[in-house]
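A, B, ... follow the sequence lines: proteins, then strands. Residue 1 opens every chain. Because the structure is a prediction, the values reported are computed rather than measured.
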Protein chains: 2
Amino acid sequence: MKTVIIVAGGRGKRMGHNTPKQFLKLDGVPIIVRTILSFYNYDHQIKIILALPKDEIEKWETIKSKTDNIPPHIIVEGGAERFFSVKNALAHVGKGEIVAIHDGVRPFASAETIGRCFEKAEQSGAAIPVVTLTESIRYFENEDESVAVNREKYKIVQTPQVFKSDILIAAYKQPYATDFTDDASVVEKFGYPISSVAGNRENIKITTPMDMKISKIYLRL
Amino acid sequence: MKTVIIVAGGRGKRMGHNTPKQFLKLDGVPIIVRTILSFYNYDHQIKIILALPKDEIEKWETIKSKTDNIPPHIIVEGGAERFFSVKNALAHVGKGEIVAIHDGVRPFASAETIGRCFEKAEQSGAAIPVVTLTESIRYFENEDESVAVNREKYKIVQTPQVFKSDILIAAYKQPYATDFTDDASVVEKFGYPISSVAGNRENIKITTPMDMKISKIYLRL
């Protein structure tokens with residue numbers, strides 16, 4: 001059984017809006033609805049769990065009442081950190097499921113990317129999508145000292161990050177740590193290796209007004 | 001005395017065009033002309049050296065004859081690698097200059113970024129502009145094994161990369177090495193530390209059709 005936990009988090013201060021960024025519209029459709037549909041279109045049978053901050057659940061109910069064709073989903077309350085939102089969502093996940101965790105503001109994960117992640121996780125237990133770095137980077141030991149690094153050794157991490165539920169549930173029993181920057185880092189700290197597959201370049205996390213403009217280009221591709 | 005070497009390189013295979021990417025137009029103005037103007041507008045007295053592949057010099061002369069207000073500049077022949085193009089350009093650089101080296105397809109370096117690089121290089125001898133990574137990255141030991149890294153320790157490198165000419169000329173006397181991915185890496189291998197200053201986010205290297213579309217957004221900002 002396939003499940004996706006969609007994590008819709010912060011208020012989007014960088015967006016310069018009061019509307020939580022996942023509720024902003026792209027061509028008339030809220031970003032979060034596009035994200036949900038990307039998984040529903042990949043698999044109509046997928047179980048969808050949406051983690052939302054407590055004070056945004058009412059707003060979401062209003063959006064739902066005004067929007068056609070939002071697939072059925074479970075709503076859970078988000079926590080102070082992504083870790084706790086996922087943990088709350090895991091209460092609705094059983095043994096033997098394959099579970100994707102995905103950012104609510106990533107509406108452009110392709111069906112191919114989602115498929116590759118689920119297939120790889122089914123074999124390896126833990127799979128994430130990555131894309132190559134297109135720019136040169138340097139490593140900073142401190143603010144003043146840096147060295148060139150080989151950018152081919154580094155890749156950009158996207159979501160969905162997909163895991164066998166048994167591994168994921170066990171990993172999320174660890175105490176919270178500040179270096180849990182994504183779900184793979186939680187599972188990795190638990191001692192489980194992470195496989196990677198190709199993501200798709202358009203699968204960006206929308207966090208700034210510029211990202212909104214770039215997203216409008218992606219909608220036209 | 002301030003100098004800029006503008007390196008206009010490859011044929012832009014990723015662009016899907018036969019026109020070298022630096023000659024593609026953005027709002028009617030060739031990218032390379034916008035790049036030249038960004039330095040001229042920063043300082044009307046700056047010495048501009050343009051390194052172009054031999055078989056594109058004629059095309060450039062045609063563009064020049066049809067375009068008003070291109071600032072005076074020296075043209076040098078590019079080499080097989082960026083290293084050799086810069087080396088050729090350095091024949092026109094004397095002692096005591098401060099020399100910026102800049103990608104021909106980066107038309108959006110702000111005057112502030114250019115100024116910060118020149119000022120820092122005047123103090124430290126070598127300065128490059130950097131911006132923070134907005135995405136999570138992982139380090140790949142090989143294709144199958146990767147680990148999370150702290151993205152705050154890494155920054156994206158841009159140009160102009162600016163140096164005191166004495167250091168730069170000496171560094172470019174080293175034999176060519178394949179790990180010379182930019183000018184800072186040449187100077188660094190020579191044993192000289194590289195300072196960094198803040199770049200500007202829009203200062204992208206235009207290499208793909210998507211970059212052209214994003215550039216059109218930047219023109220409207």
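Of the listed residues A:N150, A:V147, A:L133, the one with more heavy-atom pairs under 4.5 angstrom with chain B than any other is A:V147. Chain A forms the most heavy-atom pairs under 4.5 Å with one residue out of B:E145, B:E135, B:R138, and that residue is B:R138. Annotation: maximal heavy-atom pairing with chain A below 4.5 Å, among B:A148, B:S196, B:S136, B:S146, occurs at B:S136.
Here the closest heavy-atom approach between residue A:I137 and residue B:I137 is recorded as CD1-CD1, 4.3 Å. Minimum heavy-atom separation, B:I214 to A:I217: N-CD1, 4.1 Å.
Neither the backbone nor the side chain of A:Q158 comes within contact range of chain B, judged by heavy atoms closer than 4.5 Å. In this structure, the portions of B:K213 lying under 4.5 Å from any heavy atom of chain A include both its backbone and its side chain. Of the atoms belonging to B:V130, it is side-chain heavy atoms, and not backbone ones, that fall under 4.5 Å from chain A.
Side chains of B:K155 and A:F140 form a contact here, defined as non-hydrogen atoms less than 4.5 Å apart. In this structure the side chain of B:K153 reaches within 4.5 angstrom of the side chain of A:E141, judged on heavy atoms.
For NZ of A:K205, the number of neighbouring non-hydrogen atoms (other residues, nucleotides, ligands) closer than 6.0 Å is 12 at most.
Chain A is approached within less than 4.5 Å, heavy atom to heavy atom, by B:A184, B:E188 from residues 159-192 of chain B, ordered by number.
Atom-to-atom distance recorded for B:I204:CD1 and A:T134:OG1 is 9.0 Å, nearest 0.5 angstrom.
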